Engineer: 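The structure under discussion is supplied below as structure tokens; questions concerning it will follow.
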Protein chains: 2
Amino acid sequence: MPRHPTMKDVAHEARVSLKTVSRHVNGETNIDPILADRISAAIVKLGYRRNLSAASIRPGRTSKTIGLVISDLANPYYSTLARAIESVADAAGYLVTIASSEEEGLRHDRLVDRLMEQRVDGLIVVPPRNAARDWSDVAAPIPPLVFLDRPVPYAEADAVLADNAAGAREATLALASVGSRRIAFVGDSLDIYTMRERHAGYAAALAEAGIGVDDSLTITTARTREQAEREVGAVLRDDSADAVFAANNRSTIGALLAFQTAGRRLPLVGFDDFETSLLGNPPVSVVSQDIELMGRTAADIVLGRLNGDTSAFAVRMLPTQLILRGSEKPEPEEAEERLSRGPSRQ
Amino acid sequence: MPRHPTMKDVAHEARVSLKTVSRHVNGETNIDPILADRISAAIVKLGYRRNLSAASIRPGRTSKTIGLVISDLANPYYSTLARAIESVADAAGYLVTIASSEEEGLRHDRLVDRLMEQRVDGLIVVPPRNAARDWSDVAAPIPPLVFLDRPVPYAEADAVLADNAAGAREATLALASVGSRRIAFVGDSLDIYTMRERHAGYAAALAEAGIGVDDSLTITTARTREQAEREVGAVLRDDSADAVFAANNRSTIGALLAFQTAGRRLPLVGFDDFETSLLGNPPVSVVSQDIELMGRTAADIVLGRLNGDTSAFAVRMLPTQLILRGSEKPEPEEAEERLSRGPSRQ
DNA sequence: TTGTACGCGTTATCAT
DNA sequence: ATGATAACGCGTACAA
């Protein structure tokens with residue numbers, strides 16, 4: 001593998017000075033067409049490519065790169081966010097370096113440090129659940145920083161979040177409005193910010209509907225799809241609830257699996273839409289976040305800061321959307337149901 | 001925002017020379033503990049962070065970054081690939097810069113150029129459907145290069161692919177072995193490499209099973225989930241097929257939607273597993289690719305090359321796995337079916 | 001319009 | 001063990 005040709009090589013080949021090549025490469029116009037042609041020819045002949053790493057160390061120049069630290073790129077929620085960010089960044093001429101923290105504070109901090117050492121121009125970050133270092137302990141200068149999807153652990157930054165509490169409230173009200181009274185909350189630990197928010201919205205809706213919160217209906221052990229399935233299976237056996245608010249994707253799918261196994265279902269609304277929500281029978285009602293908008297907003301904020309926006313730091317709370325597809329309603333009576341259904345389906 | 005402190009600043013603050021700071025930062029041991037302490041203190045006091053961009057311009061030094069160009073990061077298939085690559089890369093101390101080509105040749109080429117200008121150490125690339133530039137026209141030096149998921153457009157590189165033809169053959173044989181004779185192929189255009197491969201496997205299986213290929217059963221207009229749904233709906237109305245091989249994810253889901261609408265289903269096997277394949281009734285049989293293994297393999301190859309592996313370029317064809325969950329079988333008779341089913345489910 | 005000379009932050013050589 | 005000095009590839013005063 002040959003060495004990378006440099007500007008000096010090009011200059012030599014084209015019998016011009018370094019500076020003239022630099023001008024040519026940077027698209028300046030005041031340059032003799034004769035020389036320009038010679039330079040172009042030399043560039044093609046040698047296969048010259050700019051070294052942006054080298055260029056970026058000059059004062060005032062940057063890497064035109066944005067760093068993104070999320071929990072897990074394999075999670076569709078985060079890959080959708082990443083895609084939206086990448087899309088906005090690319091349109092502005094920026095690359096995106098993406099890293100997964102796996103919710104581990106130390107790993108997160110290591111990745112942030114690495115990205116700063118790489119001199120990214122901006123940083124978009126999903127704070128890990130188990131935060132390690134405090135952001136106020138990070139030495140200046142910190143590049144424009146946006147927190148995503150989680151509460152803001154640091155004042156000198158912007159943030160973009162979904163209104164989890166409002167979404168959960170709407171979902172729970174929808175279940176209550178068609179007659180459910182013992183609505184179970186099925187989700188992950190309330191140590192997780194989004195879960196706390198969603199549970200708060202759930203509780204608020206119950207209060208509004210004149211239903212007391214029954215703690216035995218709050219299930220926070222659904223870390224995986226399988227656990228959710230077991231928990232909802234137990235609910236069905238005990239007949240302890242008459243509806244389910246599934247506070248995340250895994251809980252929704254676990255609930256559906258439990259319904260399938262039991263041969264009967266409860267009214268259900270889930271948090272976060274999923275690819276096959278239309279395939280349920282009935283189709284599954286969900287609280288949907290505009291994930292792409294969240295990503296685009298975060299990227300826009302960073303790019304705005306890079307373009308000199310010095311307005312006060314702010315938290316953008318984005319609304320969610322309740323999509324009712326039918327699963328929020330109670331199961332029809334047996335006889336009636338048989339009629340309304342085809343002889344079989346997937 | 002203050003300026004980044006440099007090694008020179010640290011050296012000055014610690015009253016040492018530049019080189020000693022460099023040694024300290026790079027973890028060399030031959031250094032007076034007294035001075036080391038002074039340097040550490042200065043680093044903390046000034047908030048010094050090394051500038052890897054600057055370091056990487058030295059000959060023999062690299063950016064410790066890998067470039068990845070895929071079709072679309074929002075597609076779970078590619079985000080799973082990206083995650084696996086990132087995971088391997090991170091363990092080896094590499095960052096990954098990810099970009100989406102959107103299957104556009106020009107965009108793809110632009111991103112590849114940008115990554116090379118950024119001096120990534122290695123490149124993993126999904127060649128776009130509409131290739132623009134030929135790789136042989138790209139000037140040397142090209143960093144270690146691995147093609148992913150598509151046929152190899154260039155000899156000086158490694159490649160990692162799934163055995164699409166074998167997977168499709170297995171799927172089709174599974175349908176034939178339970179009695180289907182008019183098996184429809186539902187997928188996207190055969191201009192797409194994976195579709196061609198999967199159709200070839202489908203045709204091979206039919207030949208093996210002693211069934212002729214009926215061209216009217218090959219549907220290649222299912223670009224979206226909705227189109228697939230319409231096409232399969234038509235098949236159901238016409239009764240033109242007695243089974244469906246869905247050659248990609250969207251086709252599988254479209255078929256399931258059509259089954260749901262029609263109130264009856266055909267034996268079905270889909271290509272690529274999906275999150276809720278267990279939620280079907282019966283659960284959906286699929287050909288599954290080991291996407292993570294593909295990503296890890298690609299990353300391992302690049303890292304191997306970076307560590308001096310000079311063995312001949314090779315194409316790794318990874319096997320697929322047929323997962324039979326029940327949907328490959330014909331629908332039971334009406335009476336029988338009613339018994340085998342609970343009164344209702346999602 | 002073109003070129004000279006220097007600096008960016010880092011690492012490497014080599015002498016001390 | 002430590003430091004002066006020269007690169008690395010590129011951009012920019014400033015002079016010509």
Side-chain angles (χ1 to χ4, degrees), chain A residues 2-40 42-43 46-65 114 116-121 139 141, chain B residues 2-40 42-43 46-65 114 116-121 139 141:
Chain A
R3 184 179 63 81
H4 286 278
T6 72
M7 264 194 184
K8 196 196 284 182
D9 299 327
V10 174
H12 182 82
E13 174 73 25
R15 305 187 310 278
V16 247
S17 82
L18 207 65
K19 176 59 197 168
T20 311
V21 178
S22 173
R23 272 196 264 268
H24 181 89
V25 164
N26 289 25
E28 295 182 34
T29 50
N30 49 343
I31 175 172
D32 187 329
I34 308 278
L35 297 189
D37 285 352
R38 284 224 303 269
I39 295 172
S40 300
I43 287 178
L46 301 179
Y48 170 75
R49 242 187 315 262
R50 301 196 296 260
N51 184 334
L52 294 180
S53 247
S56 74
I57 77 171
R58 301 304 316 282
R61 301 256 153 182
T62 71
S63 62
K64 287 279 198 175
T65 294
R114 175 68 190 281
M116 292 180 103
E117 291 182 347
Q118 214 78 233
R119 291 295 189 271
V120 294
D121 299 336
Chain B
R3 184 180 63 81
H4 286 278
T6 72
M7 263 193 184
K8 196 195 283 182
D9 300 327
V10 174
H12 182 82
E13 174 74 28
R15 303 186 313 277
V16 239
S17 84
L18 208 59
K19 179 59 196 169
T20 311
V21 178
S22 175
R23 274 195 262 267
H24 180 89
V25 165
N26 288 24
E28 294 182 36
T29 51
N30 50 343
I31 175 171
D32 188 329
I34 308 277
L35 297 190
D37 285 353
R38 285 223 302 268
I39 294 172
S40 301
I43 287 178
L46 301 179
Y48 169 75
R49 239 184 321 259
R50 55 192 206 281
N51 184 335
L52 294 180
S53 252
S56 74
I57 77 172
R58 301 304 316 282
R61 298 258 154 182
T62 72
S63 63
K64 286 281 200 172
T65 293
R114 175 68 191 281
M116 292 180 102
E117 290 183 347
Q118 212 80 233
R119 292 293 190 271
V120 294
D121 299 334

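Not measured: the values here are computed from a predicted model. Every chain is numbered from 1 and lettered A, B, ... according to where its sequence line falls, protein lines coming before strand lines. Heavy atoms only: backbone and side chains are in, while hydrogens, waters and symmetry mates are out.
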Engineer: Return the value, rounded to whole Å, for the distance between atom CD of A:E28 and atom C1' of C:dG3.
Structural biologist: 14 Å
Engineer: Measure from NE2 on A:H24 to C1' on C:dT2 and round the result to the nearest Å.
Structural biologist: 15 Å
Engineer: Take B:L18 and A:P59, find for each the nucleotide of DNA chain D with the closest heavy atom, and name the residue whose nucleotide sits nearer the 5' end.
Structural biologist: B:L18
Engineer: Kindly point out which of C:dT10, D:dC10, C:dG3 is positioned nearest to the side chain of A:M7?
Structural biologist: D:dC10
Engineer: What's the CG-P distance between A:N51 and D:dC8, to the nearest Å?
Structural biologist: 13 Å
Engineer: Suppose we screen for side chain to side chain donor-acceptor pair (under 3.5 Å). Which residues come up paired with A:T20, at least two apart in sequence or across chains?
Structural biologist: A:S17
Engineer: From the list D:dG9, D:dT2, C:dG9, which nucleotide is the closest neighbour of the side chain of B:N30?
Structural biologist: D:dT2
Engineer: Output the pairing pattern of DNA chain C as a dot-bracket string, 5' first, Watson-Crick or G-U wobble with both distances under 3.5 Å, | for cross-strand pairs, [ ] for crossing pairs.
Structural biologist: |.||||||||||||||
Engineer: Counting side-chain heavy atoms from C-beta on, which of C:dG3, C:dT1, D:dC10 comes nearest to A:T20?
Structural biologist: C:dG3
Engineer: Does the C:dG9 base have a donor-acceptor partner in the side chain of A:R58 within less than 3.5 Å?
Structural biologist: no
Engineer: Inspect the surroundings of NE2 in B:H12 and state if more than 12 heavy atoms from other residues, nucleotides or ligands are less than 6.0 Å away.
Structural biologist: no
Engineer: Of all the choices, C:dT10, C:dG9, D:dT2, which nucleotide is nearest to the side chain of B:R50 once you look at every atom?
Structural biologist: C:dT10
Engineer: Does A:S22 put a side-chain nitrogen or oxygen below 4.0 Å from OP1 or OP2 of D:dG11?
Structural biologist: yes
Engineer: Nearest whole Å is fine: how far is C:dC14 C1' from B:R23 CZ?
Structural biologist: 11 Å
Engineer: Counting side-chain heavy atoms from C-beta on, which of D:dT2, C:dG9, C:dT2 comes nearest to B:I31?
Structural biologist: D:dT2
Engineer: For A:R49, is there an ion pair with B:E117 - N to carboxylate O distance below 4.0 angstrom?
Structural biologist: no
Engineer: So, does the side chain of B:K19 form a donor-acceptor pair with the base of C:dA12 at under 3.5 Å?
Structural biologist: yes
Engineer: What is the distance from CZ of A:R15 to P of C:dT1, rounded to the nearest Å?
Structural biologist: 20 Å
Engineer: Would you mind telling me which residue lines up with the more 5' stretch of DNA chain C, B:R61 or A:T29, judged by nearest nucleotide?
Structural biologist: A:T29
Engineer: Tell me, do B:Q118 and A:T65 make a side-chain contact under 4.5 Å, heavy atoms counted?
Structural biologist: yes
Engineer: Please confirm whether the shortest side-chain N or O distance from A:N26 to OP1 or OP2 of D:dG11 is below 4.0 Å.
Structural biologist: yes
Engineer: Among C:dC8, D:dT2, C:dT4, which is the nearest nucleotide to the side chain of B:L35?
Structural biologist: D:dT2
Engineer: Kindly compute the distance separating CZ (A:R50) from CE (B:M116), expressed to the nearest 0.5 Å.
Structural biologist: 14.0 Å
Engineer: Looking for any heavy atom pair under 4.0 Å, which part of the strands does B:V25 touch: base, sugar-phosphate only, or nothing?
Structural biologist: nothing
Engineer: With side chains defined as the heavy atoms from C-beta onward, is the minimum distance between A:P141 and B:H4 less than 4.5 Å?
Structural biologist: yes
Engineer: Measure CZ/B:R3 against P/C:dG7 and give the value in whole Å, please.
Structural biologist: 15 Å
Engineer: To the nearest Å, give me how far apart CG (B:L52) and C1' (C:dC8) are.
Structural biologist: 16 Å
Engineer: Mind listing the side-chain donor-acceptor pairs of residues 21-35 of chain A below 3.5 Å, one per line with the distance, residues two or more places apart or on another chain?
Structural biologist:
{"unit_1": "A:H24", "atom_1": "NE2", "unit_2": "A:S40", "atom_2": "OG", "d": "3.3"}
{"unit_1": "A:D32", "atom_1": "OD1", "unit_2": "A:I34", "atom_2": "N", "d": "2.8"}

Engineer: Of the listed nucleotides (D:dC8, C:dT10, D:dC10), which one gets closest to any side-chain atom of B:I57?
Structural biologist: D:dC8
Engineer: Backbone N or O of B:R119 within a donor-acceptor pair of the B:S63 side chain at under 3.5 Å?
Structural biologist: yes
Engineer: Measure the distance from CD1 on A:I39 to P on D:dC10 and round it to the nearest whole Å.
Structural biologist: 14 Å
